[in-house]
Amino acid sequence: MSNGAGRHRPPLLLVLVAGVVVAALLLPLAYLLIRVAGHPARALEILGERGTWRLVWNTAVLVVGVVVAAVLVGVPLAWLVTRTDLPGRRVWAVAGALPLVIPSYVAALCLLGFFGERGLLADLLGIERFPDVTGYWGALAALTLATYPYVFLLAQASLRDLDPSLEEAARGLGIAGWRSFARVTAPAIRPAVGLGALLVALYTLSDFGVVSLMRYDALTRAIYLQYRSLFDRTPAATLALLLVALTAVALVLEARTRRHGRLHRSGPGAARPAPPVPLGRWTAPALAFCTLVTGLFIVLPAAVLVTWLARGVANDRQLEAPWAALVGSVGASGLAALAAILAALPVAVLATRYPSRRTRVLERLAYAGNALPGLVIALSLVFFAARYASPVYQTLALLVFAYVVRFFPQAISGVESSMLRINPRVEEAARGLGRGPLSTLALVTVPLARSGVLAGAALVFLSAMKELPATLLLRPIGFDTLATEIWKLTQVGAYSRASVPALVLIAVSAPFLWLISRDRRLASGTGG
Amino acid sequence: MKVLTLTVVLAATLATAACGGGDGSGPLTVYSGREEELVAPLFEMFTEATGIDVEVRYGDSAELAAAINEEGGNSPADVFFAQDPGSLGAVDAELTELPTDVLDRVDRRFRDDGGRWVGTSGRSRVLVYNTDALSEADLPGSVFDLTDPVWKGRIGIAPTNASFQAFVTAMRLAAGDERTRAWLEGLKANDPKTYEKNTPIVEAVAAGEVDVGLVNHYYLYLVREEQPAAPIANHFFDPADPGALVSVAGAGALASSNQPDDAQRFVEFLLSEEAQRFYVEDAEEAEYPLVAGIPAAEGLPPIEQLQGPDVDLSSFGGELASTIEMLRETGYLT
């Protein structure tokens, strides 16, 4: 294979593998189209109803709110812990990422347990009745808690990789302070923040646990209502397709943040860390901000869980260590992380190394099903597997596949973001030395991108640890995870007993954050 | 390399952990929409009594019903054990007719007209109330009285929950659409607080967030497990009042089962004296046994007294769409 042509025409095998991966990811969409095609008139009728469009509006308003809140929390926090002399910034960096390990439904339960009308806060203050916190603002708070770490982690990595010579050059030109941030730093981290925002949007679109607990009428809640009360699959599928349409809007907006995009260093020499910005009199407000964020988003939920645990001990409830569920969670999530990375690699290589209209469309298509609620993805796989692949139905393999379908964007975001930071000339050099495209991928690209690959794997792992709806329907019989254990106990209102698996889930997941937030200078530095 | 080793170890552990995900020819497979915490002992009792092993897939009743429908005749399930008549009705095309001697153990009003599923335990709709705020004498005899302005801001309901929707269906069938709509509008004017499910309503009543709540009777006992000192009690509406609807959890055998005899035996077992007594003696949630001659748990009014409105539970599935429509029009659902 000749080197020159290789840059433009991707190897056939790569295209085939990526094509199969994307086709598999589109199964839920195919299922929805089958369901709608069965009753097109009914589907049109639903699209004509005013209630439907109010749901779309409610959902859109929630997504915009959560994305804005996540960026407002995530970006300043990332800047403070990477680029300033903030006291204790290592600790803040760890604490800032921690909420990622809390399942959003647990977060919502905890927020309600604390701020609820008769929650712990009302108790502590001795207030008779606290204002109602459910609805839009409650959903916004719980979802921001659950998702801002995506923005935080991606912004943090990108700030750390930022070549300080850019800002130095700006200073040389007399641009400093906020203007330097706006003119130099912000554009440079914009793609990373955009990608984080996309993950936030997809999560918010697909979430059911929070909007249900907070009683906010979003599309997912209506979809669940259709399935649960009416057993009517056509309206559910129609509403789910509207979620797909909203995903498309989110993808287009995200693509616009990527426009000016050379992200790898091209100058000679290794990247060096930027000198920290002295905060001076801004130190106190910065510390207050970090305290508020971590207090609200990590200390508070943890405190509520511990309070429940203490109540369980006091009431002498049966508190059991969920060992089998722990093994199930870690095992299934670990396999999901591995499988998701293997699936993401060919698509990412195609999109970043052979950019063309076609490869971009292929990559974007992979996102199409990711804003669908877990129940819809689960039912679509039930449909296909029970009919056409019964040997894998209700096996671990299908469950892992469902996780890959749900969390593919997280895998590909990790892989792609680090591939974009590798200078393609390194790969060209390998090709020039006679390596084929696949061996270049295996020997040069993947090792250079390993921190991003591991970060993507860890994101998938953490999400799979928290996943509930698809797990319930697709797990092998008798196979428990920590999430199903929490569900089983909260279902009968046994919060004190549910606090045990919830705390175990948080404790086991937390160390994996290290894989996501650790230093990436190695990967990008060798690219120069 | 480390990753590879880790993967191998993981896969091996999982193979052990997931062992037992059989192909359906061995043990009996039950899809259970009833909570593991409540009914797990029943499955053990069945295995002990018959020697037949059981594998249980726990989930939400309606979601399992949706799964059975999507499986389209290829379900690994032999039996569907569900929380409500609605979920059973949604899959009745996939269920097989049960023999009359099984059906006849249960009063006609607690089973499917077509004989495809049978009620296995009963639950009454009640008004749960906060005993610090109210006493039994303050409470109305009919659910229709909750539109009185004295209840403004004090009532908890769960309009998205199947049990509330079944109750509204019962009201429509017993009192007519016009009266039901008027009641829903009157209740709405009283600013009821909405919750997602029954348990949070009982918790809210216990916490004094609302004073009364429309729920099924047995959630009280679950909340007491968690908060033994909670100031809550159940108020039963007058017999024949729509608010006193008695509904059931039930079971049916799947037509696609490859072990139909065992499946039938399981449904039969749920109606055996042993299983029925379980609800009275062992279960923490104190549901009503449905087989004649077995008295309800202490402190519960006997089921004969709770006649409930004169409605046909197996017609609820077909009526639900109109109920939901009415709940939409009156602003309870979007």
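These figures come from a predicted structure and were not determined experimentally. Chain A is the first sequence line, chain B the second, and so forth, proteins listed ahead of strands; every chain is numbered from 1.
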Answer with side chain, backbone, both or neither: which region of [X] has an atom nearer than 4.5 Å to a non-hydrogen atom of chain A?
X	value
B:N198	neither
B:S75	neither
B:N161	neither
B:V56	backbone

Given a strict heavy-atom distance threshold of 4.5 Å, which part of [X] is in contact with chain B: side chain, backbone, both, or neither?
X	result
A:R311	side chain
A:S212	both
A:Y495	both
A:L468	neither
A:L375	side chain
A:W308	neither

Assess, by modelled atom type and distance only, whether the side chains of [X] and [Y] contain a donor and an acceptor separated by less than 3.5 Å.
X	Y	answer
A:Q491	B:Y58	no
B:E287	B:S121	yes
B:E71	A:Y393	yes
A:T471	A:T484	no

B:T47 side chain to B:I52 backbone, donor-acceptor under 3.5 Å: yes

Sidechain-backbone polar pair: B:R224 side chain, B:I232 backbone, donor-acceptor under 3.5 Å: yes

For A:F208, the option from A:Y216, A:Y224, A:Y105 that meets ring-ring contact (aromatic ring centres under 6.0 Å, His included): A:Y224

Residue pair A:Y31, B:E70: steps toward the side chain to side chain donor-acceptor pair (under 3.5 Å) verdict: CA-CA 10 Å; A:Y31 159 81; B:E70 294 300 4; 2.4 Å; yes

Residue among A:A457, A:G312, A:A386 with most heavy-atom pairs under 4.5 Å to chain B: A:A386

Heavy-atom pairs under 4.5 Å with chain A, option from B:P200, B:G59, B:A65 with the top count: B:G59

